[in-house]
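Quick caveat, the model's predicted, so the values are computed rather than measured.
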Amino acid sequence: MSEQDPTPKDLADRDLEEKQRKAKEDAEQAQLPYKWTQTIRDVDVTIPVPANIRGRDLDVSLKKGSVRVAIKGQEAIIEGEFPHPILLDESSWTLETTTKPPGKEISLHLDKVNKMEWWAHVVTTAPKIDVSKITPESSNLSDLDGETRAMVEKMMYDQRQKEMGGLTSDEQKKMDILKKFQADHPEMDFSNAKIG
C-alpha cells in the first residue's frame, strides 16, 4: 500500500498546526522570567533585574545539574534541575548593565557536557520547546576539533560519492586491498569475487 501525496488541504492543515504549536511555545517561553538561547555547545540565559541591584544582593548557585538565581530575601527567579549536566568550570554568571529597562540583567553562560544534544528547557520544571524543530547554526569545519572534523569530512565525501554512484571511502579501501592481493597472487582467479 503506497501512501498518497499530501493534498494542498493536508499541507495547509499541517502548516496551521505547526503555526499554532509554535505560537503556543512562544507564548509559554514569553511567560518565563528570563530569556534563553542555545547553540549545540552551550546555553545562555538572561534575567532582567532592577537597576539598583548589586552583585552582593544576589543569591546565585550554579551546580553541575542545577541552578538557583534569586535576589536575596526574595523568591527564586529561576530554580531547578538542568535537563542535562553542564561543565561547571566552563560555566559562569555575570551582572551587567543594560540600555533598556529595568537597567540590569543577570547573564548565565552554561557550557553543555554533551555537545551533541539540544535542551528542551533550561530547568526541567519549565515548559519545553520542540527540539526537533531547531535548525542548527551553520558552523565551519575549522570550528571542529581534528577527530570530529575528519569524521564529518569522511561523511561528506561518502555522501558525494553515493550521489555520483561512486564508492564510499570504506568500499574504496576494500577494493584497494583486493587489488593489492590480486597483484600479489596472480595465480588465483578473482573473476567471480564480490565486494560486500
Side-chain angles (χ1 to χ4, degrees), residues 13-50 53 55 57-72 74-156 159:
D13 288 349
R14 204 179 300 160
D15 196 40
L16 179 64
E17 202 175 284
E18 176 58 22
K19 281 189 176 121
Q20 288 171 337
R21 183 203 62 77
K22 183 78 178 114
K24 178 180 182 282
E25 186 177 281
D26 288 348
E28 287 173 345
Q29 294 299 310
Q31 294 300 306
L32 297 172
Y34 54 87
K35 299 261 178 273
W36 68 287
T37 58
Q38 68 178 318
T39 69
I40 199 72
R41 293 182 193 88
D42 49 39
V43 174
D44 288 300
V45 183
T46 53
I47 305 163
V49 292
I53 293 295
D57 301 325
L58 298 173
D59 173 14
V60 179
S61 168
L62 212 46
K63 295 187 175 126
K64 184 177 176 158
S66 65
V67 64
R68 174 182 160 78
V69 177
I71 295 170
K72 285 182 181 163
Q74 295 183 24
E75 214 172 286
I77 303 167
I78 179 173
E79 182 173 25
E81 302 291 316
F82 294 130
H84 307 286
I86 62 166
L87 293 168
L88 207 49
D89 292 345
E90 303 297 319
S91 300
S92 61
W93 71 273
T94 55
L95 178 62
E96 299 169 7
T97 303
T98 62
T99 53
K100 54 187 186 291
K104 286 193 179 170
E105 67 185 18
I106 301 164
S107 182
L108 298 177
H109 176 78
L110 310 171
D111 208 56
K112 298 175 179 177
V113 167
N114 184 341
K115 311 263 185 247
M116 300 302 278
E117 67 190 346
W118 296 103
W119 285 20
H121 37 205
V122 178
V123 289
T124 55
T125 52
K128 289 184 176 186
I129 61 166
D130 184 349
V131 293
S132 69
K133 305 294 184 201
I134 293 177
T135 311
E137 73 282 355
S138 60
S139 60
N140 296 326
L141 280 176
S142 58
D143 294 346
L144 304 173
D145 64 75
E147 192 179 322
T148 307
R149 180 178 179 166
M151 185 178 68
V152 170
E153 285 175 340
K154 179 183 180 304
M155 288 164 55
M156 289 165 63
Q159 186 62 39

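- Side-chain atoms of Thr94 never come within 3.5 Å of backbone atoms of Glu96 as a donor-acceptor pair (strictly under, hydrogens ignored).
- Closest approach of Ala70 to Ala76, counting heavy atoms only: CB-CA, 3.6 Å.
- Taking 4.5 Å as the limit, some side-chain heavy atom of Tyr34 sits within range of a side-chain heavy atom of Val123.
- Checked by atom type and distance alone, the side chain of Glu25 pairs as donor or acceptor with a backbone atom of Asp130 at under 3.5 Å.
- Here the side chains of Lys115 and Ile40 are not in contact, with every heavy-atom distance at 4.5 Å or above.
- Atom CZ of Arg21 is separated from atom CG of Asp26 by 8.5 Å, given to the nearest 0.5 angstrom.
- With hydrogens and angles disregarded, no donor-acceptor distance shorter than 3.5 Å links the side chain of Glu105 to the backbone of Val45.
- In this structure, Ile77 and Val49 have side chains that are in contact, with non-hydrogen atoms separated by less than 4.5 Å.
- With sequence neighbours excluded, the residues satisfying salt bridge (charged side-chain N to carboxylate O under 4.0 Å, His left out) with Glu79 are Arg68.
- Side-chain contact check for Glu28 versus Leu32: every heavy-atom pair is 4.5 Å or farther apart.
- Ile78 has its side chain out of reach of Trp36: every pair of non-hydrogen atoms, C-beta onward, lies at least 4.5 Å apart.
- With a 4.5 Å cut-off on side-chain heavy atoms, Asp111 and Ile86 do not count as touching.
- Closest approach of Thr98 and Lys104 over heavy atoms only: OG1-N, 3.7 Å.
- Checked for salt-bridge contact, Arg14 and Glu18 miss the test: no charged N lies under 4.0 Å from a carboxylate O.
- Summarising the geometry of Gly55 relative to Leu95, their closest heavy-atom pair is N-CD2, 3.5 Å, with the distance given to 0.1 Å.
- No donor-acceptor distance shorter than 3.5 angstrom exists from the side chain of Lys112 to the backbone of His84, with no hydrogens or angles considered.
- Atoms OG and CG, on Ser92 and Leu62 in that order, are 8.0 Å from each other to the nearest 0.5 Å.
- The closest donor-acceptor contact from the side chain of Thr46 to the backbone of Ser107 lies at 3.5 Å or more, if one exists at all.
- A side chain to side chain contact (heavy atoms under 4.5 Å, CB included) with Leu108 holds for exactly one of Asp44, Val67, Val43; it is Val67.
- Residues Asn114 and Trp119 fail the side-chain proximity criterion, which asks for heavy atoms closer than 4.5 Å.
- Leu58 is listed as a side-chain neighbour of Ile71, based on a closest heavy-atom distance under 4.5 Å.
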